[in-house]
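Here's the structure, in structure tokens; my notes come after.
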Amino acid sequence: MRKQKNVLSIFLIMSLLLTACGAGSAPAQTGQDAAAEVAANESAELLIPAIPDEPYEAVEYSLYPSPEGGYVGDVMPFVTDEGELELYYLYDTDANGQGYHPIYKYSTQDLSGFEDHGMVLEYGQMSDPDPAIGTGSVMQDQNGLYHLFYTGHNDTGNGGKGKECVMHATSTDRENWVKDEEVLFFAPEGYSKDDFRDPEVFWVEKDQCYWLLIAANNNTQGGVVLKYTSQDLKNWELIGPIFAPQKQYMCECPDLFQIGDYWYITYSWDCVTYYAMSDSIDGPFVAPEDNILDGKGMIDGNGFVFYAAKTAEMDGNTYLCGWLGRAGLSADSGIYQWAGNVMNHQLVQHEDGTLGVKAPEPYDDFFTVDKPFRAEMAVGEGKISGNNVSLFAEEGSYSVADMGTRPASMTLECDVTIDENGCAGFAFGGSEEDAAYTALCLDAKQNLLHYEGYEISDLDAMEPQALTKFDFSQEDVHHVKLVCENEIVVLYVDDVKALSSRITHSIGGAHIGVFSNGCGASFENITMKLSE
């Protein structure tokens, strides 16, 4: 984070020195002395929060869990007959050895409280095909037996067959899994032997057989999603690519699902979860012009804002289940490493079939306590009336209305209007300990949502680092919802996009506010809710 430069603080120091030198006497005050005293008083006022600090206490993660001593990697959602969501995931640590990524499991009934089941599938020995485990899927066959298809990875290359293969385990209770001793299959001819992973298996009624989709790399097409079929989940026939965008090296963690009259494939690469759509399960699948639903980090290899997402259907809603990467070497930098916390969005289908995301509806039953609204101007010009805030800032300046200490667990909703080519949003800071404000931006000038720890005064000089595209021209007024749990802050706009962030500058007693940078902006009907 970059510290604000406050020239007025220089005058404060000069004033203190002059006072110290004049101890025991009372010389007449010069014009310079008077200016320094005024500047010192103004500077001191800037260090006083607009609203007094309140106690802050972190909470246990109820919405975005991660295991003690580890992190959540690629998730494999499964919904039980009782309507409970189970999230199988690759368990990651900062100290992986030769064997790594066993499969662990969470379960939840409402996405706002997760039971930790611990490890359900261990990785193998170095002599096995799976000393490291990769992503897969959990399903139930027509006879009621549960199957876990997963990736076996061994850097020794399995005697020339390839580093990666499809493996299989079964269970009668989804807690105790028995591995098959034999590999199901390796990559076919013409495809990379070392990049062949993430099997997704499901029953297709119209074909009366099982499908298996898998991420592969073709020698000429690049990343593709291959399709296999089977009658018995043991013998698989290669059909060929069902999706070949010819843009990414791999289409990791493919998932196929239906909403209404459309079919969708989600896939991941470049630290991003993408999607493509079709009016048939057989394709062709075409990616919309903007096929990213959450953020992307701009630092190659370290921008895992929201990754490896797959879907789960519960109570008539479809959820996109992935993970938010853990923070990089510096906090609030927009750099996120592989694996972190569970992250779930609810999918929204628009009239043209394209997808958007919003906060999961069960969160409304989690955040039920109204927080009285209060705001005070902290910087610049503005007007506060009831639950409405209007801000104005000339080019090169900014305004902030401070709403007090940010609770550890909260939501905030409001309607936002921003001048064309303006930048406004949410500010974090303004406490006695740290008066500087960083900016979570609704950036109409660049048609972006972004956060990377920049102070508001630095926004015009810095390039966004963690962002997602957003077309502000589609609406004059934008409905915004923030969901906050400890340092995780998720911004939802218009049921179109999300931007998931880790904002360490918003916790530990920091305040939350709204800002405008070089423009006019209004925030109307602001409401806040807390969890019990």
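Residues take their numbers from the sequence shown, with the count starting at 1. Atoms considered below: every heavy atom in the structure, side chains included; atoms not considered: hydrogens, waters and symmetry mates.
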Test ring pair (Phe, Tyr, Trp, His ring centres under 6.0 Å) on F243 and Y267 and set out the steps.
-> CA-CA 10 Å; F243 181 58; Y267 56 102; 5.0 Å; yes

Does the S230 side chain pair with the main chain of N235, one donor and one acceptor, at a distance under 3.5 Å?
-> yes

Short side-chain to backbone donor-acceptor contact, D180 and E182, under 3.5 Å = no

Distance-only polar pair, side chains of T468 and K497, donor-acceptor under 3.5 Å = yes

Side chain proximity check, W323 to D74, heavy atoms < 4.5 angstrom = yes

Flag the pair M528 / F367 as yes when at least one side-chain heavy-atom distance between them is below 4.5 Å, and no otherwise.
-> no

Would you say F149 and M139 make side-chain contact, with heavy atoms under 4.5 Å?
-> yes

Between R326 and D94, is the closest basic N to carboxylate O distance under 4.0 Å?
-> yes

Taking NZ, NE, NH1 and NH2 as the nitrogens, is one of them in K179 or D130 under 4.0 Å from a carboxylate oxygen of the other?
-> yes

Heavy-atom distance under 4.5 Å between the side chains of L256 and W263, does that happen here?
-> yes

Can you check whether G508's main-chain N or O pairs, donor with acceptor, with R406's side chain at less than 3.5 Å?
-> no

Interatomic distance, CE@M462 vs OH@Y454, rounded to 0.5 Å, equals 6.0 Å

Taking T151 for the side chain and D198 for the main chain, is one N or O donor matched with an acceptor at less than 3.5 Å?
-> yes

Compare all side-chain heavy atoms of H345 with those of P360 and state whether any distance is below 4.5 angstrom.
-> no

